[in-house]
Protein chains: 2
Amino acid sequence: MTDRVVPDAARQRRRPTKQGVVLSEELIVATALRLIEEHGADALSVRRLGRALGADPSSLYRYFRHTDDLMLAIADELIGRTLGVWRPTGDWVADLRELGLRMHAGALAHPRAAMLSAHRVTGRAHEIQAVESMLGVLRRAGFPDPEAVRIYHAFIDQSLAFGALDSACTALPRAAREAEAEVWRSTYGRLPAGTHPHIAATAPHLVAAMRTSSYPAALDLLLAAARTRLDHLRAGTAD
Amino acid sequence: MTDRVVPDAARQRRRPTKQGVVLSEELIVATALRLIEEHGADALSVRRLGRALGADPSSLYRYFRHTDDLMLAIADELIGRTLGVWRPTGDWVADLRELGLRMHAGALAHPRAAMLSAHRVTGRAHEIQAVESMLGVLRRAGFPDPEAVRIYHAFIDQSLAFGALDSACTALPRAAREAEAEVWRSTYGRLPAGTHPHIAATAPHLVAAMRTSSYPAALDLLLAAARTRLDHLRAGTAD
DNA sequence: CTTATCAGGTCAACGGTGTTGTCGTAAGGT
DNA sequence: ACCTTACGACAACACCGTTGACCTGATAAG
């Protein structure tokens, strides 16, 4: 079996499956996304996907060399969907905030794909478009080039890193997620002030806060620092 | 089988394994960490771990309810190793900076373990100690409780998220890492100013910057924003 | 219109995974 | 010296990704 995968364009002999479905790369990716959305991240397996498509699991290997290939195809589809229609408004802080939240939401909508692709550089069209957009926002705001790159770098990595982290949380089996909430409530919530004064003092806030993602807060902190930095630069206080 | 796990302290009948090894929670965790570092994250399975220990896989279920429990124990051990000897100096910005860099370095020292545990709450001794320390730094600095929790949350998640992201990069196969560097150099480095003015203008900075982790920069931005916030609070300017 | 080709769906199998119910045995307390 | 029982071993279950061999029917050539 040298290579049973055929480039999508060259396909012609599309034969229906035993259950009457005509497979295609597109259909497979769409079904995989649906599966993830409907039954949780770990509902995605080659066998289950095959079953959902009404095809033998091994058929999928005519379209993807292995599961990773499938994941990357899904990720690519994701980028397209989440950044497809964004346009800058001119308010650089609001623009970056919107972009950050969008990337984060896009990741959370498809946790598995996000976890696998957050640390990869594809060099493909959608990605290049995104880089150009963000750098544009920062440079038009008035950041000098080295500063724009520094902030872009921190901004994009923070978005991707939080996206992956929070995705990993939502990809946790239900039981584990509930167990974590319980740890915050019954372990951290009950530490005596004698031995752990700071945890005890902030326990209610902790229990409430740790349930949600801190990405919006982290994003706002980053943007606030960037704005301060820009003010300093404008005031002529060179570093 | 109600629950075959016995709390570690209560263990007494330590019986050697067929191959003469005396199991313990500690030994299991240490072996798991070694396994992960030596043979990669997916080298960690109950069966392989059993083999490495010279014990039947099912024996491990006398010490951990399921694989997840084991992961949490590994995560906590990691925290303990990286934060073991830290003491606050009184300069809260410097302290948090040091803590953040240490956690990041700790993650990179055990990339695969970091990737598996960054998003977990263990509720175990080392973790509790770490939470108490960081909250202490922020509260002594003068942050009111809700603010301290907010900043703690953003700070810890940022450290863990970047730790996991950068770990994932270093865990990439050598070929893939070089391919990514090449993408930056030859794809982003050569885009024409006509179609991609912002990338073209910053290309040298981009190529140079994207090779390194942006965590230190992101950390400094977060701390700068926190300091600004504290100044505002001190000035009595509520919000 | 017939025929041959081969893309692509199917089947069966391999070796891996986490997890559990059962059983035997040896360590510890009495 | 005896009992109890903790705890390691075994076997089995249901699932996973992946592959090589097989079969069949849609298409292209004649």
Side-chain angles (χ1 to χ4, degrees), chain A residues 1-28 31-32 35 39-72 112 116 171-176, chain B residues 1-25 27-28 31-32 35-36 39-72 74 116:
Chain A
M1 193 190 46
T2 57
D3 195 353
R4 61 187 11 159
V5 176
V6 166
D8 192 62
R11 287 181 184 276
Q12 25 196 13
R13 296 198 188 175
R14 315 207 99 111
R15 161 145 59 144
T17 223
K18 234 179 185 180
Q19 296 171 42
V21 184
V22 176
L23 295 181
S24 70
E25 191 176 314
E26 209 177 63
L27 177 63
I28 294 174
T31 305
L35 218 58
H39 301 96
D42 44 1
L44 187 63
S45 74
V46 176
R47 300 176 112 101
R48 253 198 274 245
L49 183 50
R51 221 178 302 137
L53 281 161
D56 189 271
S58 64
S59 302
L60 305 184
Y61 289 87
R62 302 272 182 210
Y63 295 84
F64 302 96
R65 254 185 291 282
H66 33 243
T67 334
D68 233 45
D69 262 22
L70 173 58
M71 289 311 312
L72 289 183
R112 292 263 282 212
L116 283 175
L172 239 42
R174 208 167 186 291
Chain B
M1 194 190 46
T2 56
D3 194 355
R4 60 187 13 158
V5 175
V6 165
D8 193 61
R11 285 182 186 275
Q12 24 196 14
R13 298 197 187 177
R14 312 210 100 110
R15 161 146 59 144
T17 215
K18 236 183 184 178
Q19 296 172 41
V21 184
V22 176
L23 295 181
S24 70
E25 192 176 314
L27 177 64
I28 294 175
T31 305
L35 218 60
I36 291 176
H39 303 99
D42 41 3
L44 186 63
S45 75
V46 177
R47 300 174 113 100
R48 252 200 274 248
L49 182 51
R51 221 179 301 136
L53 281 161
D56 189 89
S58 65
S59 301
L60 304 184
Y61 289 87
R62 300 274 182 211
Y63 295 84
F64 302 96
R65 256 187 294 280
H66 31 246
T67 341
D68 215 57
D69 262 24
L70 174 58
M71 282 315 312
L72 293 185
I74 293 174
L116 289 175

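The basis for the numbers below is simple: all heavy atoms, side chains too, and nothing from hydrogens, waters or symmetry mates.
Residue B:K18 has a polar side-chain atom (N or O) positioned under 4.0 Å from OP1 or OP2 of D:dC10. Between A:S59 and the phosphate of C:dT10, there is a side-chain N or O to OP1/OP2 separation shorter than 4.0 Å. Put simply, B:S45 has no side-chain N or O that comes within less than 4.0 Å of OP1 or OP2 on C:dG16.
When heavy atoms are screened at a 4.0 angstrom cut-off, A:Y63 is found touching the sugar-phosphate backbone but no base atom.
One can place CG of B:D56 at 16 Å from P of C:dC23, the figure rounded to the nearest angstrom. Going from atom CE of A:M71 over to atom C1' of D:dG17 covers 14 Å, rounded to whole Å. Remark: P of C:dT20 and CZ of B:R65 are 11 Å apart, rounded to the nearest angstrom. The CG-P distance, from B:L53 to D:dG8, rounds to 11 Å in whole Å. One interatomic measurement links the two molecules: CZ of A:R51 to P of D:dC15, which rounds to 8 Å at whole-angstrom precision. Between the P atom of C:dG18 and the CG atom of B:L60 lies a distance of 10 Å, rounded to the nearest Å. One atom, CG of A:L44, and another, C1' of D:dG17, lie 12 Å apart when rounded to the nearest Å. The distance from atom CZ of A:R62 to atom P of D:dT18 is 15 Å, rounded to the nearest whole Å.
Considering only side-chain atoms of A:Y61, the nucleotide from C:dT19, C:dT10, D:dT18 that sits closest is D:dT18. Of the candidates D:dG8, C:dG18, C:dG9, C:dG18 carries the atom nearest the B:T67 side chain, counting heavy atoms from C-beta on.
Remark: A:D69 engages no residue in a side chain to side chain donor-acceptor pair (under 3.5 Å) (not counting sequence neighbours).
Remark: side-chain polar atoms of B:R47 are not paired, donor with acceptor, to backbone N or O of B:P57 under 3.5 angstrom. With hydrogens and angles disregarded, no donor-acceptor distance shorter than 3.5 Å links the side chain of B:S59 to the backbone of B:A55. Between the B:T17 side chain and the B:G20 main chain, no donor and acceptor come within less than 3.5 Å of each other.
A:L60 is listed as a side-chain neighbour of A:L53, based on a closest heavy-atom distance under 4.5 Å.
One distance of note links CD of B:E25 with CG of B:L27; it measures 11.0 Å at 0.5 Å rounding.
For A:H39, the NE2 atom is loosely surrounded, since the number of other residues' heavy atoms within 6.0 Å does not exceed 12.
Checked by distance alone, A:S58 brings a side-chain donor or acceptor within 3.5 Å of a matching partner on the base of C:dC11.
Summary of the strand contacts: B:A43 and B:P16 both lie near DNA chain C, and taking for each the nucleotide with the nearest heavy atom, the more 5' one is attributed to B:A43.
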What protein N or O atoms touch nucleotides 13-15 of chain C N or O atoms at under 3.5 angstrom, if any, and at what distances?
none

